[in-house]
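The figures that follow rest on heavy atoms only: side chains count, while hydrogens, waters and symmetry mates do not. Since we're looking at a predicted model, the values are computed, not measured.
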Amino acid sequence: MNEDEAQKVSRCRVYYETTFQNALNKHEPEPLDTVLHAYLNGSPSASAFSQQDRAVGLATANFWQNLPSMADSPLLRFAFNQVLRFDQAIPLSFIDLVITRNPDLMRWAIRYSQLFENPDSIVYKHLRAKYATEDWLEFFAVCDRLLVQLEPYKAAV
């Protein structure tokens, strides 16, 4: 990441952290939802920011560390699905944090972002190397079987 990209990501991160803090200060019931809505709506909306800048800014925001849990919600699932589309830029520490808090949420995001279709993905390689519990091995086996089933369709396309 060059300096200009790093500055853009930093500005996005600050925006999401400020949005979260403002929602907390206003005693909104779900400050994380406020941030996720902003992210999914394309905020911050300056044309200089790419979707990747926003995704990395969201993933590197400090509030993730202080959340007591990550309750599964359709909004969070959809946001993580979008974030994983930039898997080459998302910090692995964020991936590990999500798995620690809610592994099913990460499995859902992997399925629906179709990350498993890219076995060379940095995130997917990391997951396969680091997570070898029974539930993760079963998940990877299902992904592998699905890839085999999809192969004839990929060849046709």
What's the spacing between C143 SG and Q114 CD if we round to 0.5 Å? 11.0 Å

Quick check for you: to the nearest 0.5 Å, what is the distance between I122 atom CD1 and L127 atom CG? 12.0 Å

Under the side-chain contact (heavy atoms from CB on, under 4.5 Å) test, residues paired with R77 that sit two or more places apart: D72, L105, W108

Please examine the side chains of R101 and V98, heavy atoms only from C-beta on, and report whether any two atoms are closer than 4.5 Å. no

Test your reading of the model: is there a side-chain donor-acceptor pair from N41 to the backbone of S43, 3.5 Å cut-off? no

Residue set satisfying side-chain contact (heavy atoms from CB on, under 4.5 Å) with L75, at least two apart, ordered chain then number -> D33, L36, H37, L40, S73

Would you name the heavy atoms of F116 and I110 that are closest together and state the gap between them? CD2-O, 3.7 Å

For residues 128-157, which residue pairs qualify under ring-ring contact (aromatic ring centres under 6.0 Å, His included), counting only residues two or more places apart or in two chains? Y124-F140, Y131-W136, W136-F139, W136-F140

Name each donor-acceptor pair under 3.5 Å that joins a side chain in residues 83-92 to protein atoms two or more places apart or in another chain, with its distance.
{"residue": "R85", "atom": "NH2", "partner": "N81", "partner atom": "OD1", "Å": "3.3"}
{"residue": "D87", "atom": "OD2", "partner": "S121", "partner atom": "OG", "Å": "2.3"}
{"residue": "Q88", "atom": "NE2", "partner": "Q52", "partner atom": "OE1", "Å": "3.1"}

R13 to T60 - nearest heavy-atom pair and separation: CD-O, 3.1 Å

For the atom pair CZ (R107) and CG (L115), what is the distance rounded to the nearest 0.5 Å? 14.0 Å

Using the ring pair (Phe, Tyr, Trp, His ring centres under 6.0 Å) rule, pick out the option among Y112, Y39, F94 that qualifies with F80. F94

Those residues that, when tested against Y15, pass ring pair (Phe, Tyr, Trp, His ring centres under 6.0 Å) (two or more places apart): none

Give me the other members of the hydrophobic cluster that V14 sits in, counting Ile, Leu, Val, Met, Phe, Trp and Tyr linked by side-chain heavy atoms under 4.5 Å, directly or via other members. none

What's the separation between atom CG in L97 and atom CG in N102, rounded to the nearest 0.5 Å? 11.0 Å

When you compare the side chain of P44 with that of Y16, does any pair of heavy atoms fall below 4.5 Å? yes

So which heavy atom on I95 is nearest to which on M106, and how close? CD1-CE, 3.9 Å

I need the E151 CD to E117 CD distance, nearest 0.5 Å. 10.0 Å

For N62, give me all partners under side-chain contact (heavy atoms from CB on, under 4.5 Å), at least two apart in sequence or on another chain. E17

Are the side chains of L146 and Q149 in touch, meaning some heavy atoms are under 4.5 Å apart? yes

Closest heavy-atom pair, W64 versus L58, reported as atoms and distance to 0.1 Å, is NE1-O, 2.6 Å

Taking the side chain from D53 and the backbone from S50, do they hold a donor-acceptor pair closer than 3.5 Å? yes

Which residues pass the side-chain contact (heavy atoms from CB on, under 4.5 Å) test with N66, not counting sequence neighbours? none

For E28, the side chain to side chain donor-acceptor pair (under 3.5 Å) test, sequence neighbours excluded, returns T34

Which pairs pass salt bridge (charged side-chain N to carboxylate O under 4.0 Å, His left out) with one or both residues in residues 90-99, sequence neighbours excluded? D96-K130

To the closest 0.5 Å, what do you measure between CG (N118) and CG (L147)? 10.0 Å

Who pairs with F63 by ring pair (Phe, Tyr, Trp, His ring centres under 6.0 Å), at least two apart in sequence or on another chain? F20

Contacts of type side chain to side chain donor-acceptor pair (under 3.5 Å), residue R11, not counting sequence neighbours: none

